[in-house]
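Both backbone and side-chain heavy atoms feed into the values below; hydrogens, waters and symmetry mates do not. Remember, it's a predicted structure, so these values are computed and weren't measured experimentally.
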There are 2 protein chains.
Amino acid sequence: METKIFSALAEPTRLRMVEMLKDGPLSVGDIAERLSLRQPQASKHLRVLLEAGLVEVEAQANRRNYKLRTEPLEVLDTWLEAYRKIWSERFDNLDDYLRQLQSKDNERP
Amino acid sequence: METKIFSALAEPTRLRMVEMLKDGPLSVGDIAERLSLRQPQASKHLRVLLEAGLVEVEAQANRRNYKLRTEPLEVLDTWLEAYRKIWSERFDNLDDYLRQLQSKDNERP
DNA sequence: AAGGAATATTCCCGTCAAGGAATATTAATG
DNA sequence: CATTAATATTCCTTGACGGGAATATTCCTT
């Protein structure tokens, strides 16, 4: 698993950017305004997201519209698969345990 | 969403630790050895994982056994939910598109 | 109680990331 | 072509992070 996506999302401002872009593409200015950032900082953070593959840019005249790319998130989702097994196993164990209790209850009368 | 988990996983060594612990708890020494780390570095990284809630410790005599905690990963999994919708929508759109092609093919003869 | 094994913590240092301010770039417009 | 709007890049400084080496702590053993 590539750690680049984690570093990119480890910065609160960038995480908020990603969450914002979930609802559709935005220009740098829009992003900066909504997050109360100065434009250069917005551009810099967007560059990091770009290099992590989390966004793509479409130039439209003066503007640059940044759009979310889900591919790295899909990779992350796949990576999580192995861990989902673990917590679902735990759930199953709890489930088994509850069933055991249940059957003991049934033995009693 | 808490960024702490991302910072914790952004470090390649720590990510490897998490992946190792997927298969069960390990002592500091074991972890250090498998990753060819010096013990102090292993301890330091484990501390970060601990503070991120990604592991828990169980002291057993001299040893400290570190065990994976999946709770932060479950939070991450939940956070991903909103994005899964996006890429599955895209898939649906592609699906629709292919169906359209299909029906146009059928019109032709 | 002393010694040794396993682990944690501290100190030092080099590197890197982030913000601020200034400047460069690109495109539209008069 | 000059100006302006939108964005990117650079330079600087500061703070956090990671590795190395040394040391402290804890617990077992004898």
Side-chain angles (χ1 to χ4, degrees), chain A residues 1-21 23-69 72 76, chain B residues 1-21 23-69 72 76:
Chain A
M1 166 96 222
E2 191 60 68
T3 64
K4 202 175 296 179
I5 185 182
F6 290 126
S7 338
L9 297 176
E11 216 286 331
T13 303
R14 285 195 293 266
L15 184 61
R16 296 181 62 195
M17 285 183 172
V18 166
E19 289 172 342
M20 278 185 48
L21 291 174
D23 304 323
L26 288 173
S27 72
V28 176
D30 287 344
I31 296 174
E33 192 186 358
R34 300 200 194 189
L35 298 180
S36 307
L37 293 178
R38 301 172 200 276
Q39 174 266 318
Q41 323 301 333
S43 285
K44 285 189 229 177
H45 281 306
L46 286 166
R47 183 174 227 279
V48 176
L49 291 176
L50 189 65
E51 280 166 0
L54 276 162
V55 297
E56 59 191 358
V57 212
E58 190 190 351
Q60 171 191 339
N62 246 358
R63 304 265 166 76
R64 301 269 180 131
N65 290 317
Y66 281 83
K67 183 180 165 191
L68 190 64
R69 284 189 71 244
L76 180 51
Chain B
M1 167 94 223
E2 189 62 67
T3 64
K4 202 174 296 182
I5 185 184
F6 290 126
S7 338
L9 298 176
E11 217 285 331
T13 302
R14 286 195 294 265
L15 185 60
R16 295 180 64 193
M17 284 182 172
V18 167
E19 290 173 342
M20 276 184 50
L21 292 173
D23 304 323
L26 288 173
S27 72
V28 177
D30 286 345
I31 296 174
E33 191 187 0
R34 299 200 193 190
L35 297 180
S36 308
L37 292 178
R38 301 173 199 277
Q39 173 268 319
Q41 324 300 334
S43 285
K44 285 190 232 177
H45 281 305
L46 285 167
R47 182 174 227 279
V48 176
L49 291 177
L50 190 65
E51 280 165 2
L54 276 162
V55 298
E56 58 191 2
V57 211
E58 191 190 350
Q60 171 192 339
N62 248 357
R63 304 264 165 79
R64 302 271 178 130
N65 290 318
Y66 281 83
K67 181 180 167 193
L68 191 63
R69 285 189 70 245
L76 180 52

When you check the phosphate oxygens OP1 and OP2 of dA6(D), does a side-chain N or O of R63(A) lie under 4.0 Å from one of them?
yes

Evaluate the side-chain proximity of [Y] to [X]: yes if any heavy-atom separation is below 4.5 Å, no if none is.
X      : Y      : value
T13(B) : H45(B) : yes
V55(B) : V18(B) : no
L46(A) : I31(A) : yes
L54(B) : L21(B) : no
D30(A) : S27(A) : yes

Q41(B) has an atom CD; how far is it from atom P of dG20(D), in whole Å?
5 Å

When the distance from CZ of R14(B) to C1' of dG19(D) is rounded to whole Å, what number comes out?
13 Å

Check DNA chain D against residues 44-54 of chain A and give the residues with a non-hydrogen atom under 4.0 Å, in numerical order.
K44(A), R47(A)

Would you jot down, in residue-number order, the residues of residues 26-40 of chain B having a non-hydrogen atom under 4.0 Å from DNA chain D?
R38(B), P40(B)

Sequence neighbours excluded, the answer for side-chain contact (heavy atoms from CB on, under 4.5 Å) partners of R16(A) is L35(A)

Stems in DNA chain D, runs of 3 or more consecutive Watson-Crick or G-U wobble pairs with both distances under 3.5 Å, sorted by first number, are C:1-30 with D:1-30

In this structure, are over 12 heavy atoms from other groups packed under 6.0 Å from E33(A) atom CD?
no

Short N/O separations, protein against nucleotides 28-30 of chain D, under 3.5 angstrom:
none

Among side-chain atoms of E58(B) and N65(B), is any donor-acceptor pair under 3.5 angstrom?
no

Taking heavy atoms of chain A and a 4.0 Å limit, find me the 5'-most and 3'-most nucleotide of DNA chain C within that range.
dA18(C) to dA28(C)

